[in-house]
*Asks:* 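Before anything else, here's the structure in question.
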Amino acid sequence: MTVAPSGGRALGRRRQLSDEVAAYVRELIMSGQVGHGEFLRLERIADDLGISVTPVREALLSLRGEGFVTLEPRRGFMPAPLTRQDVQDLFEAQAYFAGELAARAAERITEAELESLARTQALLERASETRDSGAIEAANHQFHRVVNLCADSPKTAWLLQLVVRYAPRRFYSSIQGWPQASVDDHHLVLAALRAGDAGAARHAMRAHIRHAGTLLVVHLEGRGFWEDGRAKDGRE
């Protein structure tokens with residue numbers, strides 16, 4: 001008799017919780033909800049997510065290893081300084097990998113997959129019209145997921161996923177101009193995929209991701225993210 005499987009499941013669940021918390025905190029930071037100079041309160045995050053403090057602490061230690069948060073002795077965790085260039089760099093990297101996947105998808109995509117994308121785009125447009133943030137985020141995620149799967153390039157998709165986790169997906173719909181920009185940009189991506197034009201698909205997808213990055217920078221500026229030393233630490 002062994003208890004290893006049960007212990008393994010428990011450990012796996014803790015790791016999953018920690019990953020979910022890390023994703024939540026990244027989105028809080030990248031959406032401008034919190035910035036450098038503001039402490040991340042473990043109890044508050046745990047209460048917001050309905051979990052214990054332990055996975056929150058593990059997540060913040062993981063984010064510290066990524067250089068995304070810092071640990072101030074006897075005071076706690078706070079977001080690391082984040083500049084405009086940092087945000088632009090993250091989206092530029094995302095644009096590169098997403099563009100490559102779109103180009104490869106254009107050469108492989110089937111009619112059935114094109115129809116699936118068209119249906120998802122219709123869902124996105126309806127959600128944008130009704131301002132249903134949950135539906136907007138779900139449809140947008142599904143659109144990009146289908147494109148990435150069509151590319152049949154798992155290593156490139158994995159590299160994209162490493163970068164995408166720094167994009168505030170949960171808060172995108174609250175960024176002014178983003179829902180409509182997503183609707184408009186997707187039309188161009190879809191047209192290139194329908195035409196089987198790899199170059200056009202690459203260009204349209206990269207432009208789309210860069211557009212999202214620009215809107216996020218404008219959003220953060222509007223929240224005063226880089227004013228009075230907030231998230232700045234003398235580097236801006």
Side-chain angles (χ1 to χ4, degrees), residues 16 19-20 23-24 26-28 30-31 90-219:
Q16 181 181 345
D19 289 344
E20 291 171 359
Y24 177 75
R26 287 191 200 99
E27 290 177 339
L28 285 177
M30 292 300 295
S31 64
L90 287 167
F91 277 85
E92 190 61 32
Q94 183 181 340
Y96 175 81
F97 291 119
E100 287 306 302
L101 290 169
R104 296 177 191 184
E107 298 170 343
R108 297 174 171 85
I109 197 164
T110 66
E111 285 300 321
E113 289 163 339
L114 284 168
E115 290 175 7
S116 174
L117 278 177
R119 289 193 297 270
T120 301
Q121 176 68 5
L123 289 174
L124 176 62
E125 292 177 15
R126 286 198 292 273
S128 181
E129 290 170 359
T130 59
R131 299 182 180 180
D132 184 337
S133 60
I136 290 171
E137 290 157 11
N140 180 70
H141 175 71
Q142 179 62 14
F143 185 95
H144 285 275
R145 180 175 182 273
V146 171
V147 173
N148 295 341
L149 288 174
C150 288
D152 193 25
S153 300
K155 294 297 187 292
T156 303
W158 177 75
L159 289 167
L160 174 63
Q161 188 60 36
L162 290 177
V163 181
V164 166
R165 63 184 181 174
Y166 294 102
R169 194 183 99 188
R170 193 191 310 260
F171 301 101
Y172 262 146
S173 61
S174 67
I175 297 173
Q176 185 174 3
W178 182 84
Q180 189 58 50
S182 187
V183 168
D184 296 341
D185 293 349
H186 283 190
H187 278 300
L188 298 176
V189 173
L190 189 51
L193 293 171
R194 283 197 178 109
D197 188 332
R202 179 185 293 109
H203 177 78
M205 184 61 80
R206 286 183 178 172
H208 170 46
I209 301 300
R210 287 168 179 150
H211 192 182
T214 297
L215 289 172
L216 178 57
V217 168
V218 171
H219 169 77

*Asks:* Distance check, rounded to the nearest 0.5 Å: Glu137 atom CD versus Trp178 atom CH2?
*Replies:*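 Reported value, rounded in 0.5 Å steps: 7.0 Å.
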
*Asks:* Please name the pair of heavy atoms, one in Ala181 and one in His211, separated by the smallest distance, quoted to 0.1 Å.
*Replies:*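 Residues Ala181 and His211, closest heavy atoms: CB-CE1, 3.4 Å.
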
*Asks:* Determine, stepwise, if the pair Asp19 / Tyr24 fulfils side chain to side chain contact (heavy atoms under 4.5 Å, CB included).
*Replies:* CA-CA 9 Å; Asp19 289 344; Tyr24 177 75; over 6 Å; no

*Asks:* Please determine whether side chain to side chain contact (heavy atoms under 4.5 Å, CB included) holds for the pair Gln161 and Asn148, giving the CA-CA distance in whole Å, both sets of side-chain angles, and the decisive distance to 0.1 Å.
*Replies:* CA-CA 10 Å; Gln161 188 60 36; Asn148 295 341; over 6 Å; no

*Asks:* At their closest point, which heavy atom of Leu90 faces which heavy atom of Val163, and how far apart are they?
*Replies:*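 Here Leu90 and Val163 meet closest at O-CG1, 3.2 Å.
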
*Asks:* How long is the gap from CG on Leu124 to CZ on Arg119, to the nearest 0.5 Å?
*Replies:*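 If we round to the nearest 0.5 Å, Leu124:CG and Arg119:CZ are 15.0 Å apart.
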
*Asks:* Assign the ring pair His144 / His186 to parallel, tilted or perpendicular, where the plane angle (0 to 90°) is split at 30° and 60°.
*Replies:*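 Taking His186 first and then His144, their aromatic rings stand perpendicular (interplane angle over 60°).
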
*Asks:* If every non-hydrogen atom of Leu193 is compared with every non-hydrogen atom of Ala102, which pair is closest and at what distance?
*Replies:*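 The answer is CD2-O, 3.7 Å.
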
*Asks:* Which pair of heavy atoms, one from Ala139 and one from Thr120, lies closest together, and at what distance?
*Replies:*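 Taking every non-hydrogen atom into account, O-CG2, 3.2 Å.
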
*Asks:* Rounded to the nearest 0.5 Å, how far apart are CG of Leu123 and CG of Asn140?
*Replies:*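 It is 12.0 Å, given to the nearest 0.5 Å.
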
*Asks:* Minimum heavy-atom separation for Val146 and Ser116, please, with both atom names.
*Replies:*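 In this case the closest contact between Val146 and Ser116 is CG2-OG, 4.3 Å.
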
*Asks:* Under the side chain to side chain contact (heavy atoms under 4.5 Å, CB included) criterion, do Ser153 and Arg104 qualify, and how do the steps go?
*Replies:* CA-CA 8 Å; Ser153 300; Arg104 296 177 191 184; 3.1 Å; yes

*Asks:* Side-chain donor-acceptor pair under 3.5 Å between Thr110 and Glu113, yes or no?
*Replies:*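 Yes, because at least one side-chain N or O of Thr110 sits under 3.5 Å from a partner of the opposite role on Glu113.
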
*Asks:* Drop me the distance from Cys150's SG to Leu114's CG, to the nearest 0.5 angstrom.
*Replies:*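 Going from the SG atom of Cys150 to the CG atom of Leu114 covers 7.5 Å.
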
*Asks:* Once rounded to the nearest 0.5 Å, what's the spacing between atom CD of Gln180 and atom CD of Glu129?
*Replies:*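 Answer for the CD-CD pair, Gln180 versus Glu129, is 8.5 Å.
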
*Asks:* Which distance, rounded to the nearest 0.5 Å, do you find between the CD of Gln94 and the NE2 of His208?
*Replies:*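 Between atom CD of Gln94 and atom NE2 of His208 there are 8.5 Å.
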
*Asks:* Kindly determine whether His187 and Glu125 satisfy side chain to side chain contact (heavy atoms under 4.5 Å, CB included), including the steps that lead there.
*Replies:* CA-CA 11 Å; His187 278 300; Glu125 292 177 15; 2.7 Å; yes

*Asks:* State whether the side chain of Thr130 and the backbone N or O of Ala127 hold a donor-acceptor pair below 3.5 Å, judged by distance alone.
*Replies:*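 Checked: pair present.
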
*Asks:* So, for Ile175 and Leu215, which heavy atoms are closest and what is the spacing to 0.1 Å?
*Replies:*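 For Ile175 and Leu215, the tightest heavy-atom pair comes out as CG2-O, 3.7 Å.
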
*Asks:* Salt-bridge test for Glu100 and Arg206: reply yes if a basic N is under 4.0 Å from a carboxylate O, no otherwise.
*Replies:*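 Judged by the 4.0 Å cut-off on N to carboxylate O distance, Glu100 and Arg206 do form a salt bridge.
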
